[in-house]
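Heads up, the thing below is written out as structure tokens.
The chains referred to below are lettered A, B, ... by the order of the sequence lines, with proteins before strands, and numbering in each begins at 1. Worth knowing before you read on, the calculation uses all heavy atoms, side chains too, and leaves out hydrogens, waters and symmetry mates.
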Amino acid sequence: MRNREINNFLILTTLLVITLSLSSSSITHAAVHTNNWAVLVCTSRFWFNYRHMANTLSLYRTVKRLGIPDERIILMLADDMACNARNKYPAQVFNNENHRLNLYGDNVEVDYRGYEVTVENFLRVLTGRHENAVPRSKRLLSDEGSHILLYMTGHGGDEFLKFQDSEELQSHDLADAVKQMKEKRRFKELLIMVDTCQAATLFSQLQSPGVLAIGSSMKGENSYSHHLDSDVGVSVVDRFTFYTLAFFERLNMYDNASLSSLFSSFNPNLLMSTAYYRTDLYQEQVEKVPVTNFFGSVMKTIHTDSAYRGTSGKDSSRVKYDVISGQSDDVDARRMTSSDPEKQGDHPDIKLVKGGGCPHADWWNAIVEKFQGIKNGDMIVNYGLVGMLTLVAVSTWQSS
Amino acid sequence: MLAQCTMDLLFYYRSLGLSLVIEVKDKAIFYADFITAILIRAIGQLLQVADIQSLKSLGASKFSKTSENFPAGDIAALVYLWNPLTIITCLGYSTSPIENLMIVLSLYGACRRLVPLAAFGLVMASHLSLYPVILIIPLVLLIGSGLDTPPRKLFLQPNHGDGYKKTNFSWRRVVLFFLWASVWALYVLVLCSISLKEYSGLGEMFKRTYGFILSVEDLSPNIGVLWYFFAEVFDFFRDFFLIVFHINILFMVLPLAIRLHHRPCFLAFVYIAISSILKSYPSVGDSALYLGLLGLFVNALADMQFSFFLFSGYLGTLLLSPVMHNLWIWRGTGNANFYFATAMAYACFQIILVVESVSSMLNHDRALKKGATPVAKKIQ
């Protein structure tokens, strides 16, 4: 009796271990970088925080200039500067006292404006857990091949960021949201850029792999504004963002300046703070990653031999394709060939019959193979139609 | 002779007029209309010959001579060609003329006992849109028994009929018809699967053609009555009402077949009319077809009641319908009810037309039963 109990127990435990090991073996397939997203958040409102909105709009302009379209940018602004009663230049926002650039042109799409910029909405955007009625333009619809740029600016402190003078986003909230994003495979790589006082403390709790973060100052340091525009009456840009923009104004869409060159362009003397970045969670080497991986939108072209298959999803593994990348040095052209030995039919109607000694199976298989080998379908269909009409005419004449 | 000349001239004018408007590449649809009209004319001539023959064998030949015998085929073809609805569908580059051509082709093939042609027309028509599949019944009756005749029992009365040959239902032809239909269906399906090879094949095609017609997914306003209803039905009842609406067509099939089995051409006309009223996405191209086919039966339907009322009703509804659509969608001063009212009125007039034509055809049969004495009201 005891022996049998022990036997049962051993069997059960082995089964349990096997199932656990099977379930926990995650299929790691490297996702291909397919698209870039940008989430740009300005967490301040009121006239005297003009520079935070100018920061965000400058990044918005840069990111759009380098190729990310509006549909992949989530812009969260209090948006009360351009048409503020105190704005001497109505509907215009500048980030420099030379007023060369009007950041608030005619193609600024703000997704969350005014009182919609809350911690709740920000976390909902990151994790993708929205109400049903939220429109697509307000959702971060990234997938496992996305690189996301998350830029936040405003007033911050030790392990927190102030939202619209009424709420706080804490560093562990942000870390939790990023962890949820990683679980739900909502990004491949994430770059967090924070321009506030004591910015580096905001991402101190992050633990998810694939995340790169840079902040404008370390714990105990303030981040300063760059200059005061005496015409507008307030400071118009922060130092960290100013030097970031100075770096990007030299670039266009096809440059491959690396992230390490961006990070090392920050001079602590000019910033009056130490720009701290953490790369311990990031697997790539920052010397080799171009900035356009996050700040721009450079697509890899994939050349396929056959036409795009509409709705049947199981075709991607069977397509022969070359990956041609335009300018990145490190990505070599890969060639993947179809390696599906079972050779299933292209559409579910005709399936190959496993020849189990049945003579009809071979004959049927030959027909199906011939059928699948047809490349020029349209020509055959045209001939088929003509043939059908002649057959109709002949049969009619015959039977009359 | 004079009538023949005017008919040909009218044919010619229509072709001239439209060829000036339509570009070369879209002439296919215009030719389809033309061929349909020619086929309708041929069907009319066949029907007329059969009519005269059956009346003669009934002994009511005086009947056929005294009544004004219109050349039904010519009238029907001209009504079809000059119908503003046909012209509008032709100009709008719709594919309804091709569907109509296939339906009329199958009718013609069945009337001439050309089984492959009839099967081809039926298969193509039901491939293009689902509803012509109910025409299988009148086609089988046409192929099996022949053209429209007065009811069988008249022929069995002893005081009438001289030399009437009792024709049996030819099953051989019907089996041949089904064989040919399956051949054409297979051919069409193979061609479709070749051309849709890259778009995940036949299942997707059926889902998007027949599935779309049956499940009424798109509720854009049209001249039918389903869109308004399905815009307000709750999801819980949607399937139930879909079944109700589709069975609405199906349950009329059998009683009409039983009642009008001796007149398969007229039965086909009634089926086409019913399906174009109650189908899920009707259009004026469908109405154009059955209005043309109505002309084939002018002799029998000569004393249809409410004909003027129906004519003005059709005219009024078809003129008001685009006006209401404009008011609703483009100007915003009307609402959906304006447009749907015209759609409902149009459906009512169509139904009255169908009901009246069936009842006057049955009255005509009863009048034939009364014997050789010509019904007085026929000659006026």
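The distance from the OG1 atom of A:Thr396 to the CG atom of B:Leu114 is 6.0 Å, given to the nearest 0.5 Å. Atom CH2 in B:Trp180 sits 5.5 Å away from atom CG in A:Leu391 (nearest 0.5 Å).
The environment of B:Glu232 atom CD is dense: over 12 non-hydrogen atoms of other residues, nucleotides or ligands sit within 6.0 angstrom. Within 6.0 Å of CZ on B:Arg112 lie no more than 12 heavy atoms contributed by other residues, nucleotides or ligands. Residue A:Tyr115 qualifies as open at atom OH: its count of foreign heavy atoms under 6.0 Å is 12 or below. The local environment of CZ in A:Arg129 is sparse, with at most 12 non-hydrogen atoms from other residues, nucleotides or ligands closer than 6.0 Å. In the displayed structure, B:Lys207 atom NZ is contacted under 6.0 Å by at most 12 heavy atoms of other residues, nucleotides or ligands.
Considering all non-hydrogen atoms of both residues, B:Leu191 and A:Leu385 come closest at CD1-N, 3.9 Å. Between A:Ser395 and B:Trp184, the closest heavy-atom pair is OG-CZ2, 4.2 Å.
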Checklist entry - Does the side chain to side chain contact (heavy atoms under 4.5 Å, CB included) test come out yes or no for B:Phe120 and A:Leu389, once each step is laid out? => result CA-CA 10 Å; B:Phe120 173 70; A:Leu389 293 174; 4.2 Å; yes
